[in-house]
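Here the structure comes first, spelled out in structure tokens, and everything after it is commentary.
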Amino acid sequence: MGRDLAEVHLNKWGLAAMADDVTLIVSELLTNAIAAGHGMVTMRLLLTPDALTIEVTDVSPDRPRRKRDSENDIGGRGLQIIEFLAETWGDRPFPNGGKVVWARCATRRSEEIRREISGSNGLPGSER
């Protein structure tokens, strides 16, 4: 549901080129929030001229932390995926308890991709 909602908004905002990365980040953030405890989980997408920020709030006060890698681990790499795909990420306490974990993705990359798709050959000065 969260992935679908994010994809709808990305399409509406003209940022469909970011959908694969953003929906994976959304999935990881929501999965971590649900695993962190019981209670309500919310997601918010914030768009500024330079970035899209995904915020997921949960009721657990425990800060997210990376797990040590092991060859036998089946999961536990969500934060590594987020670190790879997002420009930056972090967490902050939520005023009424719990926390907000967020990831910021630069929208400049999607603009560059859109220019390439619409006819630029990628060389400086070749944009239309």
Side-chain angles (χ1 to χ4, degrees):
M1 181 95 135
R3 292 170 59 107
D4 293 340
L5 181 63
E7 191 165 3
V8 165
H9 283 287
L10 290 169
N11 287 326
K12 182 173 97 175
W13 293 332
L15 298 171
M18 297 178 67
D20 288 343
D21 288 355
V22 170
T23 56
L24 185 52
I25 291 169
V26 163
S27 181
E28 294 300 333
L29 289 174
L30 288 172
T31 298
N32 288 350
I34 291 166
H38 305 288
M40 187 165 60
V41 172
T42 62
M43 179 183 80
R44 185 165 80 149
L45 302 174
L46 304 166
L47 181 63
T48 63
D50 294 330
L52 172 71
T53 302
I54 304 116
E55 294 185 344
V56 173
T57 305
D58 66 61
V59 297
S60 172
D62 298 334
R63 297 184 69 191
R65 57 187 164 85
R66 287 179 61 181
K67 295 181 180 176
R68 290 181 162 236
D69 291 340
S70 171
E71 289 180 19
N72 299 326
D73 287 344
I74 294 173
R77 292 184 179 82
L79 292 178
Q80 290 173 308
I81 292 169
I82 293 167
E83 284 175 357
F84 179 77
L85 296 175
E87 181 178 48
T88 186
W89 74 277
D91 66 279
R92 66 180 184 275
F94 192 68
N96 296 329
K99 67 180 172 300
V100 177
V101 182
W102 54 270
R104 184 173 299 121
C105 299
T107 56
R108 290 181 305 270
R109 285 191 291 171
S110 61
E111 287 295 327
E112 292 166 7
I113 291 168
R114 227 183 343 272
R115 275 196 304 269
E116 287 178 22
I117 291 171
S118 68
S120 168
N121 63 10
L123 299 174
S126 65
E127 295 82 16
R128 293 183 184 175

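Index from 1, following the sequence. Just so it is clear, the model here is predicted, and its values are computed rather than measured. Just the heavy atoms: all of them, side chains too, but no hydrogens, waters or symmetry mates, feed the values below.
For Thr53, the side chain to side chain donor-acceptor pair (under 3.5 Å) partners are Arg104, not counting sequence neighbours. For the side chain to side chain donor-acceptor pair (under 3.5 Å) test, no residue two or more places apart in sequence or in another chain qualifies with Arg3. Partners of Ile34 by side-chain contact (heavy atoms from CB on, under 4.5 Å), not counting sequence neighbours, listed by chain and number: Val41. By the side chain to side chain donor-acceptor pair (under 3.5 Å) test, Asp62 is found to be paired with no residue, residues two or more places apart in sequence or in another chain being considered. Shown here are the salt bridge (charged side-chain N to carboxylate O under 4.0 Å, His left out) partners of Glu55, two or more places apart in sequence or in another chain: Arg44, Arg92.
When side chains are defined from C-beta on, Trp102 does not count as touching Leu46, because their heavy atoms never get closer than 4.5 Å. Taking the side chain as every heavy atom from C-beta outward, Ile25 and Cys105 approach each other to under 4.5 Å. At a threshold of 4.5 Å between non-hydrogen side-chain atoms, the residues Leu30 and Met43 count as touching. Counting only heavy atoms from C-beta outward, the side chains of Leu10 and Leu45 never approach each other to under 4.5 Å. Considering only heavy atoms from C-beta on, Leu15 stays 4.5 Å or farther from Val22 through its side chain. Between Asn32 and Val101, the closest side-chain pair of non-hydrogen atoms is not below 4.5 Å.
Linking Ile, Leu, Val, Met, Phe, Trp and Tyr residues whenever their side-chain heavy atoms come within less than 4.5 Å leaves Leu52 and Val8 in two separate clusters. Linking Ile, Leu, Val, Met, Phe, Trp and Tyr residues whenever their side-chain heavy atoms come within less than 4.5 Å places Met18 and Phe84 in a single cluster.
Sorted by first and then second residue, the salt bridge (Lys or Arg N to Asp or Glu O under 4.0 Å) pairs with a member in residues 93-102 read Asp58-Lys99; sequence neighbours excluded. Applying the salt bridge (Lys or Arg N to Asp or Glu O under 4.0 Å) test to pairs two or more places apart or on separate chains, none has a residue in residues 31-42. Screening residues 6-20 for salt bridge (Lys or Arg N to Asp or Glu O under 4.0 Å), with sequence neighbours left out, gives no hits.
The two residues Thr107 and Ala51 have their closest heavy-atom pair at OG1-N, 3.6 Å. The minimum heavy-atom distance linking Val56 with Ala33 is given by the pair CG1-CB, 3.6 Å.
Atoms CH2 and CD1, on Trp89 and Ile82 in that order, are 7.0 Å from each other to the nearest 0.5 Å. The CD1 atom of Ile54 lies 11.0 Å from the CG atom of Leu47; values are rounded to the nearest 0.5 Å.
A donor-acceptor pair under 3.5 Å links the side-chain atoms of Thr31 to the main chain of Ser27, judged by distance alone.
Here the options are Thr42, Asn96, Leu29, the test is side-chain contact (heavy atoms from CB on, under 4.5 Å), and the partner is Thr57; only Thr42 passes.
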